[in-house]
Amino acid sequence: MTAVISVSGLVKTFGRARALDGLDLEVRAGEVHGFLGPNGSGKSTTIRVLLGMLRPDAGHVQLLGGDPWRDAVALHRRLAYVPGDVTLWPTISGGEVIDLLSRLRGGTDARRRAELLERFDLDPRKKARTYSKGNRQKVALVAALASDVELLVLDEPTSGLDPIMEATFQACIHEARAEGRTVLLSSHVLAEAEALCDRLSIIRLGRTVQSGTLGELRTLTRTSVTAETVRPVDGLAGLPGVHGLVRSDGRVSFDVDGEHLDLAVRRLTEAGLRSLVSAPPTLEELFLRQYGDELTADDGGRAGSGPA
Amino acid sequence: MTGTLVGAGVLFRFALRRDRLRLPVWLLAGGALVATQSTSNQTFYRTPESLAAYRASAGSNAASIAFSGPPVGLDTVAGTVAFEISSTLVLLTVLMAMFTTVRHTRADEESGRTELLRSTQVGRHAPLAAATLLSVLACGAMAVAIAAGAALTGLAVPGSVLLGAGTASVGLVFVGVTAVCAQLTGVTRGVYGLVGGLLGVAFVVRAVGDVTGNGLSWASPIGWAQATHPWSADRWWPLLLTLAATPLLLLTARRLLDRRDLGAGLLQPRPGAATAPRALSSPLGLAWRLHRAALLAWAMGVALLGFVYGGLAESVETLIGDNPDAQVFLGASSTADLVDAYLGVTFRVTALLVAGYAVSATCRARAEETSGRAEPVLTAGVSRTRWLGSHLTVALAGATTLLALGGLATGISRALVTGDAADVLRLTGAALAHAPGVWVVAGLAAALIGAAPSAAVPAAWSVFGLLLVVTMFAEPFDWPGWISDLSPFAQTPAVPAEAWAVAPLLVLGTLAGVLVAVGLAAFRRRDIETA
């Protein structure tokens, strides 16, 4: 498969701050690629370099076969972008913004526009000033999804959407994928990425720390479990994949690798389960667990090696 | 204290803290304005003859009555102070009242801060009560500042106190007016528009009333304040009108507040269009859409100014025509030359104002960039050059249109007096002589936005400020010639008093073109910055 986006060794500094520090990213044609990382890890900076808004200081960047800085205008006709923080013109209605952006990209498909407005339950007559954050995001999403483009670049597009709209969004991305479009989806919501993405790149402190398919990355995912049982639980510590076991006052809490969750919970049930809380780790926790040693060893800066 | 006012005290102290720097600036400006006017009038009109000459000229000049107020008490120096400064003081105080009231009512509500506060132990009426209390007290402080400025420079105390009280009373009425308007519209800028419009109506009604002497001034709160005639009749009773009007307005605002939801206005905003008109298909179409409201407001202001300037030319004829000294000073040999010299100066002032528009319109592009609104356009197949060029096109064409409009309005009102229709074209052309100078100022702002983006907006406004200072002070204070020569407007021939000179205009036009090119080229080479 050919690469739609190919980035290697990308460096971008702002004054003394090093926002991107040798970042690598490869997005293949026709895939939905999750771009994950905590706040401030450099996701938006990378995307803004890919869009030609920022000029890279070092490294190789290629997008749709061109140079995003030099060929910006020609490349932009073939992609649509949804920023993470959508700011619109306060006195212009949502419908007008959608039409303007579609026309700039080379034309509107009236039927598709109407269908998307319906699905996202968006009133196009309201002035942008009166839209909530979620509705501003819907305006940008409808404008992007209504465009006939090869590549969708979405920067945390669902941070203001309710669960129903989140489902609509996911359906739209599945459709885009079925139509053969490529999607770069930045997010810090693991669940969304799990539901949508074929491959993922995880970045931290301006570097790619993990990259691969969902299956490859899932082995990294641990679930935190806190349980209260009638009798003390035996033999948890000896189970495979259980980490950080803590007991206090009839409660146990531990982290367990996804593939071993079943066995651990069975052991809890045998001890008479009173209450159970289980949560997948946040991305930040995942990073800290996975790379904490290297971080402390190297003064908090240079995590990980290249793609796994 | 009833339930709906709970928390008003805390909010008031909080508002006072937020305004601890702003309010003293307003008050200081008020006091300083009176003190300056008082000192300079006491110097200028030292002799009975000079006072009599002033009374004869200003007191019978419709234009100066229209701007200042009723020409009463002009037989004393103190009376001339009241005549000359009171309308400026009223304007200052009303603006203070409006900004302070809006800042703590609609602006806080629009930004969502009021909702956060109201979710705590704060009653429904508390924010409005705190805001109006602060504004009312600010007006009171303004009365004290004005009275002090006048009395400390040697004017009689009762008149000083009355001038302060009268000015503050108009402020009080407009605290009420603003409080009502803040309930009507849900948009902060809309409140400014409504209050500004009502202030304009109050000013015009008063002006017409004072010029015609038909009593219409009593329909305007500004007229009530000026009917006190400080230092001449020293009447206090007209202030009773404002004391009656203010509580009525505040109670109205309170009742209106009860009839609306938090965050909303009583007037429902009109829905926008569901689809974009054909004009909104390009970066230029978008730029025009974003700039047009401001340009329209500027156009109305510049046209009005042009009409006033053109109309005043008549009184220049009568005032200076008989004064040989003034003729020598202006370097004019005939009355017609005198009027042209005067018009040349007014066009330079108009050009300076239009340069202000050009700076603000050019800086709009930078605001679009930092607010993140440039990115959606720049990632939709629009080049950097086309995007910035669209904003610059509107700014440059808009500024040029404003100049033409100012000249046209001056020409029309002048032609109405002279009956010579040729004046219309002649003066429109004369105003347009300043276009290259204005383009240079806009071009400089564009170059800064491209090459020094983070400093661009303050730097561009500083340049504009320097131009103002140079234009106002270089001649009266006899600064070295090279300083004023730095201003593009000093390089522009003062048409119609001077002959058209093409060479300097070509130089200015070329310079503007180079600056714009530098701005566009530098903008292509740098990062797009978002705040």
Side-chain angles (χ1 to χ4, degrees), chain A residues 12 14 44 47-56 69 72-108 110 113-114 117 123-130 139-140 143-144 147 149 153, chain B residues 110-112 185-190 263-265 268-287 289-294 364 367-387 390 454 524-531:
Chain A
K12 178 67 192 176
F14 296 108
S44 294
I47 285 175
R48 297 181 73 232
V49 170
L50 287 172
L51 293 168
M53 296 295 106
L54 301 178
R55 183 173 216 162
W69 179 263
V73 176
L75 296 178
H76 290 165
R77 299 238 160 84
R78 300 163 60 192
L79 63 82
Y81 164 55
V82 175
D85 195 2
V86 182
T87 43
L88 300 172
W89 302 273
T91 56
I92 297 184
S93 74
E96 288 180 305
V97 171
I98 291 167
D99 285 348
L100 170 71
L101 295 179
S102 313
R103 286 172 191 175
L104 291 175
R105 284 194 196 103
T108 40
R113 177 188 186 275
L117 285 176
D123 177 0
R125 303 186 73 93
K126 283 175 84 175
K127 301 270 176 77
R129 171 190 287 125
T130 58
V139 170
S147 310
V149 291
V153 180
Chain B
E110 195 182 33
S111 68
T185 163
V187 184
T188 304
R189 284 177 61 159
Q268 285 302 315
R270 268 181 309 156
T275 55
R278 279 253 298 274
L280 192 60
S281 304
S282 64
L284 188 62
L286 175 64
R289 176 75 180 269
L290 297 176
H291 285 262
R292 69 180 180 195
R364 176 76 195 243
E368 286 286 295
E369 181 192 348
T370 51
S371 66
R373 291 190 290 252
E375 268 188 20
V377 181
L378 286 170
T379 53
V382 173
S383 73
R384 303 261 186 116
T385 306
R386 209 169 144 219
W387 178 82
S390 300
S454 44
R524 270 174 44 203
R525 281 168 181 74
R526 69 168 173 84
D527 290 347
I528 298 297
E529 297 174 350
T530 50

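Every chain is numbered from 1, with letters handed out A, B, ... down the list of sequences.
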Side chain, backbone, both or neither: which part of [X] has a heavy atom under 4.5 Å from chain A?
{"X": "B/Leu286", "answer": "side chain"}
{"X": "B/Arg278", "answer": "backbone"}
{"X": "B/Ser282", "answer": "backbone"}
{"X": "B/Arg289", "answer": "side chain"}

Max heavy-atom pair count under 4.5 Å with chain A, selected residue of [options]:
{"options": "B/Pro376, B/Ser371, B/Ala273, B/Pro271", "answer": "B/Ala273"}
{"options": "B/Gly263, B/Ser281, B/Gly372", "answer": "B/Ser281"}
{"options": "B/Gly285, B/Pro277, B/Gly186, B/Ser383", "answer": "B/Pro277"}

Side-chain heavy atoms of [X] within contact of [Y], under 4.5 Å:
{"X": "A/Met53", "Y": "B/Thr530", "answer": "no"}
{"X": "B/Arg384", "Y": "B/Ile528", "answer": "yes"}
{"X": "A/Ile98", "Y": "A/Leu117", "answer": "yes"}

Side chain, backbone, both or neither of A/Thr91 within contact of chain B (heavy atoms, under 4.5 Å):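 Backbone only.
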Proximity breakdown for A/Arg129 and chain B, heavy-atom pairs closer than 4.5 Å: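 The side chain, not the backbone.
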If you tally heavy-atom pairs under 4.5 Å against chain B, which of A/Gly106, A/Pro124, A/Ser102, A/Gly94 wins?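 The answer is A/Pro124.
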Partner chain B: residue of A/Leu88, A/Val49, A/Val153 with the largest heavy-atom pair count (under 4.5 Å):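 Ranked by heavy-atom pairs under 4.5 Å with chain B, first place is A/Leu88.
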Would you say A/Glu96's side chain and A/Ser93's backbone share a donor-acceptor pair under 3.5 angstrom?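 Yes.
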Sequence-distant partners of B/Arg526, side-chain hydrogen bond (donor to acceptor under 3.5 Å, both in side chains), two or more places apart: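 For B/Arg526 the side-chain hydrogen bond (donor to acceptor under 3.5 Å, both in side chains) partners, ignoring immediate neighbours, are B/Glu369.
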Pick one: which of A/Val73, A/Leu104, A/Leu101 meets side-chain contact (heavy atoms from CB on, under 4.5 Å) with B/Val382?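 Going through A/Val73, A/Leu104, A/Leu101 one by one, the side-chain contact (heavy atoms from CB on, under 4.5 Å) with B/Val382 is satisfied by A/Leu104 alone.
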Steps toward salt bridge (charged side-chain N to carboxylate O under 4.0 Å, His left out) verdict (A/Arg113, A/Asp99): CA-CA 9 Å; A/Arg113 177 188 186 275; A/Asp99 285 348; 2.7 Å; yes
ring-ring contact (aromatic ring centres under 6.0 Å, His included) partners for B/His291, two or more places apart: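 B/His291 satisfies ring-ring contact (aromatic ring centres under 6.0 Å, His included) with B/His391 once adjacent residues are dropped.
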